[in-house]
> 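Mind looking over this structure? Questions follow.
Below, chains carry the letters A, B, ... as their sequence lines are ordered, and counting in each starts from 1.
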Amino acid sequence: MFTRSDDKITSSQATVFLTNSILGAGILTLPRVLTNAAETPDVWLSLIIGGCIIFCLIIVMVKLSQQFPGKTVFQYAGSIAGRFLAIFPCLLLIVYFIVIAGFEIRVLAEVTLFFLLEGTPMWAVLIPFIWVSVYLITGGINVISRLFQLILPISLLVLLVSYLMSLRIFEIDNLRPVLGDGLMPVFQGIKSTVLVFSGIEVTMLLVGYMESPKQAVKAMIAGVSIPLIIYLITVVIVIGGMSTDAIMRSTWPTIDLLRSFEVSGLFFERLEFPFLVIWMTQLFCNFSCYFYSASLGISQLFKLRLRVVIFALIPLIYISALIPTRMNEVFEVGDFIGWTGLAMFLLIPLPLSIIWLIRRKGMKINV
Amino acid sequence: MYRLTSICSLLICLTLLSGCWSSKEIEERSVYVGMAIDVAEESAEEKKLNAQGGATPIEPAITATIQIVPVKSVEGGKQGGESNGEVKKYLNNTQTGDSVFEILRAYALRRDRAVIGHHLKVIVISTELAEKVEIENLLDFMLRDNDIRPSCMIFLSRSKAEEALYSNQPDEIPAFHIVDMVRNKFRNNKIMKAMTLTTLDQYMHSKQSYMLQNIAATKGETEFSGAGIIKGSTGKWIGNLDQEDVSSISWIIGESGGGLIKTKNEKGKTIIYEIKSAKSKITPKVKGTDISFHIDIKTEGRLIETWSSDRDSSEMPILLEAQDAFVKKLDESLQTTLNKLQKDYKVDVAGFGKRLRITHPKVWKRVKDDWDEVFSRSKVTYSIDLKITDYGSSAE
Amino acid sequence: MWSVIIDHIPNWKIWMQGFAAMFIAMAFYITHKKLFAWGKQGTLRTSKQDQNKEQQQLSGNFDTDVVAIKERIGSNSDVNFRDFRISIRSSKALLVFVEGMQDEEIISKQVMQVLMDNSVPKTEGYAIQNDAQAFSTYIKEKILPVCKVREVSEIGELVEFILLGFNALLIDGMSNALLVGEPKPKVRSINEPTSEALLRGPRVGFTEVLSENTALLRQHGRTEELQLTMVEVGNRIKSNIVIAYMKEIVNPELLKEVEDRISNINHDFIAESGYIEQLIEDNWLSPFQQVQNTERPDRVINAMLEGKVGILLDGTPFALIVPVTFSMLLQSPEDYYERWLPSSLLRMLRFFVAFLALMTPAVYISFISFHPGLIPTELTITIIETRQGVPFPSIIEVLILEISIEILREAGIRLPKPIGPAMGIVGGLIIGDAAVQAGIVSPILVITVAVTAISSFAIPIYSAGITLRMLRFVGMIFAAMMGMFGTILFFLIICIHMSKLKSFGVPYVTPHSPYRLSDWKDLFIRVPVSLMKQRPKMMKTKDDKRK
């Protein structure tokens with residue numbers, strides 16, 4: 001077929017989609033969250049271990065989705081656990097997505113209003129953002145993946161260049177001693193690292209759209225490794241550049257790191273500017289992922305037209321972005337999202353896999 | 001029907017266009033590049049203004065001076081017109097108040113353009129003030145503000161901080177001048193590595209003692225002269241170290257990239273050693289509750305200047321003699337400085353604690369809250385390995 | 001607990017804003033859809049309404065036919081009627097032609113002389129006495145030594161061909177009329193296209209004559225696979241279109257799609273290939289062109305070898321190539337004629353230049369008006385000093401200068417040759433300098449605008465340059481509203497629009513995405529020719545390897 005049949009994405013597009021749904025607002029507060037939990041510079045080890053745990057979670061989700069080719073979790077949950085039983089967790093997942101979307105966009109607004117545009121009212125930042133996102137997701141998953149593939153390499157490039165530049169204030173001593181306090185802090189840090197990977201639930205939607213679901217495992221693992229590597233580099237460089245003490249006192253450590261030095265001679269003397277630009281586009285992609293997943297969920301669960309659902313969700317997302325009234329609450333929502341993500345995993349893929357396995361074994365025994 | 005929707009959409013677009021909330025042209029803002037904080041002392045103009053109905057703070061705490069560039073001129077198009085000799089390119093503005101933020105906002109009462117701190121490069125605090133008020137309190141606003149970048153440098157000043165922001169050179173902006181001077185670190189090890197807000201944040205949080213470069217200023221000339229010590233537990237200034245001490249400390253830390261050792265040879269003539277490379281390694285040794293440090297200093301350099309013309313300085317015995325003389329001198333300086341640190345001031349500003357933390361983290365955990373005291377009781381030994389590798393291009 | 005929840009329910013203003021956002025978005029969406037459909041309907045042929053005129057056939061009777069023809073076109077002053085008698089059976093004959101387009105040689109020597117010649121070739125095998133059809137066949141096959149002979153039986157068609165420049169020959173006894181020879185309109189010689197000049201490469205460009213253009217295509221080399229099919233378009237004035245493709249390479253579905261869209265064209269007269277472009281493109285509301293136009297035959301041939309389809313129209317030297325993607329708009333054939341290293345560098349330069357042409361004014365406005373903290377300090381001080389006397393906010397300043405540049409550009413196209421370049425220099429240097437001296441604009445802005453203007457000229461395809469010029473005004477408005485945030489939104493909107501755009505089924509942003517490593521050989525860098533062994537995968541060609 002010359003005209004590509006829509007709604008099928010290649011493996012690299014699936015990888016990029018997953019990467020974008022994980023890489024979001026977390027990157028700014030990541031060093032602080034981790035260091036607060038562990039209080040030593042060894043959090044990069046916790047990150048690696050946390051990443052491995054996430055791999056396992058992903059594999060469970062992928063394996064489950066591969067049993068139902070072409071269908072997303074909203075469609076096959078019903079066939080595993082019965083329609084009525086499945087609606088509740090799926091609804092929970094949808095609400096979870098909406099809450100994350102609101103949170104991401106709120107963090108974007110806070111950071112933008114604080115560092116870039118002072119004096120602009122919040123709605124003037126939120127509403128155009130939501131509109132542009134609507135413009136994107138009404139195109140369907142193909143358009144979304146194409147845009148993500150356009151933007152991701154640029155983001156990664158600028159990110160890496162900014163980090164490279166910050167090596168001038170990097171001191172390896174800030175990361176030492178390694179395991180000075182033993183392994184306990186590392187384990188305490190693992191809790192927080194898992195939270196920062198929230199967003200992996202979109203795997204259950206993606207596998208249904210892939211052209212070749214056989215490669216789903218590879219694609220999804222790649223999709224998680226990219227954020228993992230980025231987070232690792234971020235944590236190492238931020239701790240090295242700022243040391244744990246300074247991080248614990250900084251609200252947005254990553255941006256503070258980039259503001260701590262100037263590269264004289266380049267046109268962009270102040271490197272937080274390209275970083276913020278990239279971070280905003282990245283956050284846009286992130287937000288669109290969740291917006292799309294939530295709309296898809298509602299549309300597939302209640303058999304409504306996707307476009308209608310997208311428009312109907314606009315006020316809901318806007319409201320969920322404005323529910324926290326102050327910064328503390330915003331961060332509380334962030335933590336809450338992390339825990340809910342873990343709960344989502346325990347609530348949806350795990351039980352569904354178990355039920356599926358039991359039913360299959362049961363059928364085998366019967367036959 | 002379609003017309004209605006399109007008209008509505010257009011109207012809404014127009015209303016959006018009218019609200020450019022954060023838009024303010026760049027020439028309508030005042031950029032301040034330097035800030036000096038002193039003990040509260042109202043200037044004459046301020047007293048007069050306040051007498052005409054201003055708000056007089058009951059117990060003003062600080063006086064802040066900001067340095068604004070560029071100076072507002074009437075026509076912008078004509079650059080390079082007739083400059084009448086001493087045209088200052090900056091403007092200093094002083095205000096008294098209780099808090100830094102309040103003072104900055106008070107400038108809105110006096111100046112026609114809002115000040116923005118994006119380009120703040122230098123903050124100078126007078127030692128007088130730092131003795132009374134914790135540095136953390138003074139710098140709190142700078143850390144919280146969205147404008148001010150944490151790359152801005154902090155200095156202390158022996159005299160009034162305001163004087164550091166004056167310059168008698170035409171076309172020179174003192175704040176930039178100070179920033180550029182820091183870059184001379186590779187020429188002289190009496191200059192410390194610049195202390196930015198981020199690094200300061202780190203020290204303030206961990207309550208360790210540290211030093212800040214001192215600026216001496218007079219009649220428009222500024223000079224880096226030694227450093228001031230801030231004690232970690234109180235956050236206040238407790239004393240000064242002079243330039244020699246700063247030099248010794250940079251030997252200890254191992255950041256003596258450029259610099260010299262000056263001494264007299266056995267004939268009493270001055271000889272000077274230029275450092276090509278200097279490395280130092282601090283090894284903490286822990287025996288029970290006894291902590292001691294050993295510093296290994298290794299350096300290579302050249303004999304760059306001798307004031308004794310009667311000897312051939314390129315001969316080996318002379319060189320070895322000179323080497324010994326240099327080692328002796330370095331030894332003396334180090335000893336003086338360590339004495340000052342351990343006995344007079346009882347602080348550790350040379351990074352010994354940091355090394356201990358890396359090599360013996362458990363011990364560090366025990367002693368870190370009281371580290372200054374523990375350090376003053378620790379024994380510090382050092383060994384110096386100095387080698388004169390060459391004598392320049394004059395082989396006499 | 002309840003109080004916490006109630007505390008957090010946002011107040012009514014926020015609800016209003018949320019719902020307003022939804023309604024405005026829906027309004028935009030519906031308006032867009034209706035607008036799109038309304039524009040699209042014009043290109044679709046709803047019913048076959050072009051067969052209104054009854055087909056009037058030639059009767060076979062010489063005199064009636066002559067009268068009929070004279071009735072229809074005799075009133076034209078440039079139509080000539082030449083009566084004569086042919087030697088065979090001494091039948092009456094009529095030659096109808098239009099002045100200015102006939103080839104005297106052919107008509108005199110090869111038609112009239114032969115027909116009037118008394119030596120008649122044998123007529124065996126041709127029952128010419130009775131059968132009118134056989135008579136025309138005999139004339140065609142044995143008598144007329146002319147290459148191109150055509151039989152026409154319908155009067156309307158005959159008349160149109162006569163007016164197009166063909167010579168019509170009616171002979172008493174023939175049932176049909178014959179069109180002999182070909183019109184030879186006055187044409188210009190083949191020379192290098194002015195809008196696509198290259199330093200290295202063939203200096204030929206298409207002309208206005210379709211047959212010459214197809215000849216140019218064929219002249220590139222021996223091949224069996226180059227296929228040219230001719231179609232007619234236009235209701236009132238019918239023009240010829242040639243669809244060119246490589247038989248073994250092109251994807252048959254693409255070809256069918258192109259043919260369908262061309263056959264659906266419902267228009268009076270296709271004056272230029274631009275009409276075809278606008279009538280067959282996917283999205284008429286998009287600022288990006290989805291069909292590429294070129295004057296160079298080598299571009300067309302290269303494109304066809306990649307699996308694309310070329311469309312040539314009679315009467316214009318601009319040929320069309322479909323489908324097109326964004327990266328092609330930044331490519332020039334010179335990229336392939338030079339070695340890979342300079343080509344790659346030039347290509348990367350072009351991407352950078354496209355970005356500059358689009359975003360520079362927007363970035364300037366956001367820095368000056370919104371984020372002075374992001375510029376290096378020394379530059380900030382310089383800008384403040386130079387902007388002291390300027391009375392306008394930056395958006396107005398930029399608009400003034402940009403619109404002046406556009407006016408100068410338009411004027412420059414139409415100025416007579418001697419004044420043109422001088423005007424450019426005058427406009428650029430002196431007016432810019434005078435504006436700075438007068439204090440209307442700041443010098444930094446002049447540099448910004450100059451960089452933008454030059455960048456938009458560095459783009460190899462003129463239409464792409466126009467697109468970027470238009471879009472930068474939109475970018476300026478976004479930047480003026482919300483600074484850097486607005487610029488980023490603008491950039492995202494452009495990227496989204498390009499991601500949604502498809503040209504004949506090929507997504508516009510291929511090969512940037514989806515990632516196909518082999519297609520990247522020709523994207524940012526140009527890999528040495530020896531490594532370019534495969535055709536672009538995005539075209540889904542039948543034959544992958546360039547053997």
> Heavy-atom pairs under 4.5 Å with chain A: which of C:F491, C:Y29, C:F19, C:W15 has the most?
C:Y29
> Which atoms of A:I317 come close to chain C, meaning under 4.5 Å heavy atom to heavy atom: side chain ones, backbone ones, both, or neither?
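Looking at A:I317, nothing touches chain C.
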> Can you tell me how far the NE2 atom of C:H497 sits from the CG atom of A:L136, to the nearest 0.5 Å?
13.5 Å
> Can a donor-acceptor pair be found, under 3.5 Å and without considering hydrogens, that links the side chain of C:K500 to the backbone of A:G140?
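No; zero donor-acceptor contacts below 3.5 Å.
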> Please name the pair of heavy atoms, one in A:R270 and one in C:T377, separated by the smallest distance, quoted to 0.1 Å.
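Shortest heavy-atom separation between A:R270 and C:T377 comes out as NH2-OG1, 3.2 Å.
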> Which atom names give the shortest non-hydrogen contact between A:I314 and C:G18, and what distance separates them?
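So the two residues come closest at CG2-O, 4.5 Å.
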> Select one option (side chain, backbone, both, neither) describing which atoms of C:I488 are under 4.5 Å from chain A's heavy atoms.
side chain
> Counting only heavy atoms not in C:F352 (residues, nucleotides, ligands), do more than 12 fall under 6.0 Å from its CZ?
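No, CZ of C:F352 has 12 or fewer neighbouring heavy atoms, counting only those of other groups under 6.0 Å.
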> Below 4.5 Å from any heavy atom of chain C, which atoms of A:L108 appear? Answer side chain, backbone, both or neither.
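Side chain only.
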> So which of C:G486, C:A25, C:G373 has the biggest tally of heavy-atom pairs under 4.5 Å with chain A?
C:A25
> Would you say that more than 12 heavy atoms from the other residues, nucleotides or ligands in this model lie under 6.0 Å from the CE of C:M16, or not?
no
> In terms of heavy-atom pairs under 4.5 Å, which option from A:T325, A:L116, A:I310 contacts chain C the most?
A:L116
> Give a yes or no on whether the ring-centroid distance for A:F311 and C:F28 is below 6.0 angstrom.
no
> For a quick test of reading the model, state the closest non-hydrogen atom pair linking C:I14 to A:Y318 and the distance between them.
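Shortest heavy-atom contact: O-CE2, 3.4 Å.
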> Less than 4.5 Å to any heavy atom of chain A: does that hold for the side chain of C:I375, its backbone, both, or neither?
backbone
> With a 4.5 angstrom heavy-atom cut-off, could you sort out which part of A:V125 is near chain C: side chain, backbone, both or neither?
both
> Which atoms of C:F490 come close to chain A, meaning under 4.5 Å heavy atom to heavy atom: side chain ones, backbone ones, both, or neither?
neither
> Within this structure, what is the CG-CZ distance for the pair A:L113 and C:F485, rounded to the nearest 0.5 Å?
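Here the interatomic distance stands at 8.5 Å.
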> How close do A:E272 and C:L374 get, counting heavy atoms only, and between which atoms?
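For A:E272 and C:L374, the tightest heavy-atom pair comes out as OE2-CD2, 3.9 Å.
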> Against chain C, work out which of A:M122, A:E262, A:R307 has the most heavy-atom pairs shorter than 4.5 Å and name it.
A:R307
> Given that the side chain runs from C-beta out, which part of A:T138 has a heavy atom under 4.5 Å from chain C: side chain, backbone, both or neither?
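Contact with chain C: backbone and side chain both.
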> Would you give the length of the straight line joining atom SG of A:C285 to atom CG of C:L492, rounded to the nearest 0.5 angstrom?
7.0 Å
> With chain A as the partner, which of C:H32, C:Q17, C:E257, C:E378 has the greatest number of non-hydrogen pairs under 4.5 Å?
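Of the candidates given, the most pairs with chain A belong to C:Q17.
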> Between A:E118 and chain C, with a heavy-atom cut-off of 4.5 Å, which part of the residue counts as in contact: side chain, backbone, both or neither?
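Neither the backbone nor the side chain of A:E118 comes within 4.5 Å of chain C.
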> Got A:W131 and C:I24 here, is their nearest side-chain heavy-atom distance under 4.5 Å?
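In short, these two side chains touch, coming nearer than 4.5 Å.
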> Is it the backbone or the side chain of A:V132 that comes under 4.5 Å from a heavy atom of chain C, or both, or neither?
both
> Between A:I323 and chain C, with a heavy-atom cut-off of 4.5 Å, which part of the residue counts as in contact: side chain, backbone, both or neither?
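Both backbone and side chain.
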> Working to the nearest 0.5 Å, report the span between CG of A:L316 and CE of C:M22.
9.0 Å
> Find out whether A:F284 and C:I496 are in side-chain contact, i.e. whether some heavy atom of one side chain is under 4.5 Å from a heavy atom of the other.
yes
> For side chain to side chain contact (heavy atoms under 4.5 Å, CB included), just list the numbers for A:F273 and C:M484, CA-CA rounded to whole Å, side-chain angles, deciding distance to a tenth of an Å, and then say yes or no.
CA-CA 9 Å; A:F273 157 63; C:M484 211 62 222; 3.5 Å; yes
> Distance from A:Q149 atom CD to C:S499 atom OG, nearest 0.5 Å?
10.0 Å
> Measure across C:M482 and A:L117 and return the closest heavy-atom pair with its distance rounded to 0.1 Å.
O-CD2, 3.5 Å
